[in-house]
Amino acid sequence: MITTITSPPSLIFLLDYPIKLCATTTFLTYVASIITGNVSQVDRVWTFLPTIYTAYWALLPSGLPRVRKQAAHLARDFSPRALLMLGLTVLWMFRLSYNTWRRGLFRLDDEDYRWVVLRTKIPPWLFQIVNLTSSVPIIQNVLLLLIASPTLIAATHPTPLTLTDGILAFTALALLAWEFTADNQQFAFHAWKQGTYDPCAHWPGARLAWTKDDAARGFCTRGLWSWSRHPNFFAEQSFWGVLNLIPLFSLPDASTMFTESISMGKYPRGYAAYRSRVAMFVPIATPVWGVLLSLTGQKGKVEELVWGSGAREAEVKDDKVKVQ
């Protein structure tokens, strides 16, 4: 069986610099949290680190990122999937950075309100243990490296994009749009509650029919927030889930394509029709392919070859031609 899986020792060398960056930011954000008494220091770099890690792996062939010589052979060709993941991650960074900036979270003296509340509920010594081990500098920095790490798989398996990649990318964009809308609706609601709401200053999707009851209630229950208590968190987690599905389709390409080439040799007409009608991996892509064939007027002919007797008749006809 042909495989494109890169050997683990080689991958370790491509993790060298990202792991060092992760360790450095973990140390610095923890020290900064102690000096300033503000544990939200990791929030200042949250919007940028996944993009930095993704760019490191996606742009390896450019020669800009430093690569140990033991892994230089893995940095020869650009991977379309890795570049796609980088583009989507950059859009994610712009959205989050904008929302972070307008909320004032880039200010060094600003701390996430949840940590302020937690301080009042547990002793100071326990809060520092939480700060060090439970969630703030260590786990969050490691998480930022992990959510970007699938780009490494895509970068070391440079194969062409497929329709499945397009569907996943479109889904990721839709989730970013959902999250952008949820952020803006939340932002507009707080402006309404504080008496500073100006419809012209807000995105059209956030100009909802706010009422005095909404302000008195204290929390947003309109728009996307009427469908989910945390629509932004739903979109955020779903975005990374979808994005990290993209490199999965680069792993089996070589062995799968070789298998399909054998089938094509045995059943040239029938299997060619099968490939044009049925998705390679993701079932939900198959109806899309059916629609595309309908638009070209080929659906009936192709489906006869796939599910009717057309393929068998075509192969018999081809055999007769060969005999003659």
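In this chain, numbering begins with 1 at the start of the sequence shown. As the structure is a computational prediction, the values presented were derived from the model and not from experiment.
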Verify, without hydrogens or angle tests, whether [X] (side chain) and [Y] (backbone) share a donor-acceptor contact under 3.5 angstrom.
{"X": "Thr156", "Y": "Ile153", "value": "yes"}
{"X": "Thr286", "Y": "Val278", "value": "no"}
{"X": "Gln185", "Y": "Gly205", "value": "yes"}
{"X": "Trp192", "Y": "Thr211", "value": "yes"}
{"X": "Arg207", "Y": "Pro199", "value": "yes"}
{"X": "Thr54", "Y": "Thr51", "value": "no"}
{"X": "Lys193", "Y": "Gly218", "value": "yes"}

Just by distance, no angles: are the side chains of Asn184 and Thr181 close enough, under 3.5 Å, to form a donor-acceptor pair?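 The answer is no; no qualifying pair exists.
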Take atom [atom1] of [X] as the centre, draw a 6.0 Å sphere, and report whether it contains more than 12 heavy atoms from other residues, nucleotides or ligands.
{"X": "Trp101", "atom1": "CH2", "value": "no"}
{"X": "Arg102", "atom1": "CZ", "value": "yes"}
{"X": "Phe234", "atom1": "CZ", "value": "no"}

By ring-ring contact (aromatic ring centres under 6.0 Å, His included) - contacts of Tyr30 (at least two apart):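 ring-ring contact (aromatic ring centres under 6.0 Å, His included) check on Tyr30 returns nothing, list empty.
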Does Leu86 form a side-chain contact (heavy atoms from CB on, under 4.5 Å) with Thr151? I'd like the steps, not just the answer. CA-CA 8 Å; Leu86 174 60; Thr151 308; over 6 Å; no
Is Arg103 close enough and on-axis enough to Phe187, meaning under 6.0 Å and within 45°, for cation-pi?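 No, Arg103 does not lie over the aromatic ring of Phe187.
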Between Tyr274 and Tyr271, does a ring-ring contact (aromatic ring centres under 6.0 Å, His included) hold up when you go through it step by step? CA-CA 5 Å; Tyr274 184 50; Tyr271 203 80; 5.5 Å; yes
Any heavy-atom pair between the side chains of [Y] and [X] that's under 4.5 Å?
{"X": "Ile52", "Y": "Leu49", "result": "yes"}
{"X": "Pro150", "Y": "Ile246", "result": "no"}
{"X": "Val306", "Y": "Lys301", "result": "no"}
{"X": "Leu60", "Y": "Leu14", "result": "yes"}
{"X": "Asp77", "Y": "Pro61", "result": "no"}
{"X": "Leu59", "Y": "Leu83", "result": "yes"}
{"X": "Ser79", "Y": "Trp57", "result": "no"}

Show the numbers, then the answer: is there a side-chain contact (heavy atoms from CB on, under 4.5 Å) between Arg277 and Glu303? CA-CA 7 Å; Arg277 180 62 181 88; Glu303 291 187 347; 2.9 Å; yes
Drop me the distance from Thr171's OG1 to Ile167's CD1, to the nearest 0.5 angstrom.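 Answer for the OG1-CD1 pair, Thr171 versus Ile167, is 7.5 Å.
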Separation between CG of Leu96 and CZ of Phe239, rounded to the nearest 0.5 Å: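 Reported value, rounded in 0.5 Å steps: 10.5 Å.
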Are [Y] and [X] co-members of a hydrophobic cluster defined by side-chain heavy atoms under 4.5 Å apart?
{"X": "Tyr17", "Y": "Ile19", "value": "yes"}
{"X": "Ile34", "Y": "Phe27", "value": "no"}
{"X": "Tyr98", "Y": "Trp178", "value": "yes"}
{"X": "Phe48", "Y": "Leu28", "value": "no"}
{"X": "Ile147", "Y": "Leu173", "value": "yes"}

For Trp46 and Thr100, run side-chain contact (heavy atoms from CB on, under 4.5 Å): C-alpha distance rounded to whole Å, both residues' side-chain angles, the deciding distance at 0.1 Å, then the answer. CA-CA 10 Å; Trp46 181 280; Thr100 302; over 6 Å; no
How close do [X] and [Y] get, heavy atom to heavy atom, and via which atoms?
{"X": "Pro231", "Y": "Ser228", "result": "CD-O, 3.2 Å"}
{"X": "Leu144", "Y": "Pro50", "result": "CD2-CG, 3.7 Å"}
{"X": "Asp214", "Y": "Trp210", "result": "OD2-CA, 3.4 Å"}
{"X": "Tyr53", "Y": "Ala148", "result": "CB-CB, 3.7 Å"}
{"X": "Ala206", "Y": "Ala188", "result": "O-CB, 3.6 Å"}
{"X": "Ala58", "Y": "Ala82", "result": "CB-O, 3.6 Å"}

Do Tyr197 and His190 have ring centres separated by under 6.0 Å?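 For Tyr197 and His190, the ring centres are not under 6.0 Å apart.
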State plainly whether the residues Arg217 and Asp213 are in salt-bridge range, i.e. N to O under 4.0 Å.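 No, Arg217 and Asp213 are not salt-bridged.
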Using a strict threshold of under 4.0 Å (side-chain N to carboxylate O), is an ion pair present between Asp165 and Arg81?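 Salt bridge flag = yes for Asp165 with Arg81.
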After noting the C-alpha distance and the side-chain angles of Glu236 and Arg95, does the key distance pass the salt bridge (Lys or Arg N to Asp or Glu O under 4.0 Å) rule? CA-CA 11 Å; Glu236 175 78 4; Arg95 182 210 62 78; 3.6 Å; yes
Phe180 and ring-ring contact (aromatic ring centres under 6.0 Å, His included): which partner among Phe94, Trp92, Trp203?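 Checked Phe94, Trp92, Trp203 against Phe180; only one passes ring-ring contact (aromatic ring centres under 6.0 Å, His included): Trp203.
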Given side-chain contact (heavy atoms from CB on, under 4.5 Å), test Phe219 with Thr221 step by step and report yes or no. CA-CA 7 Å; Phe219 54 91; Thr221 60; 3.5 Å; yes
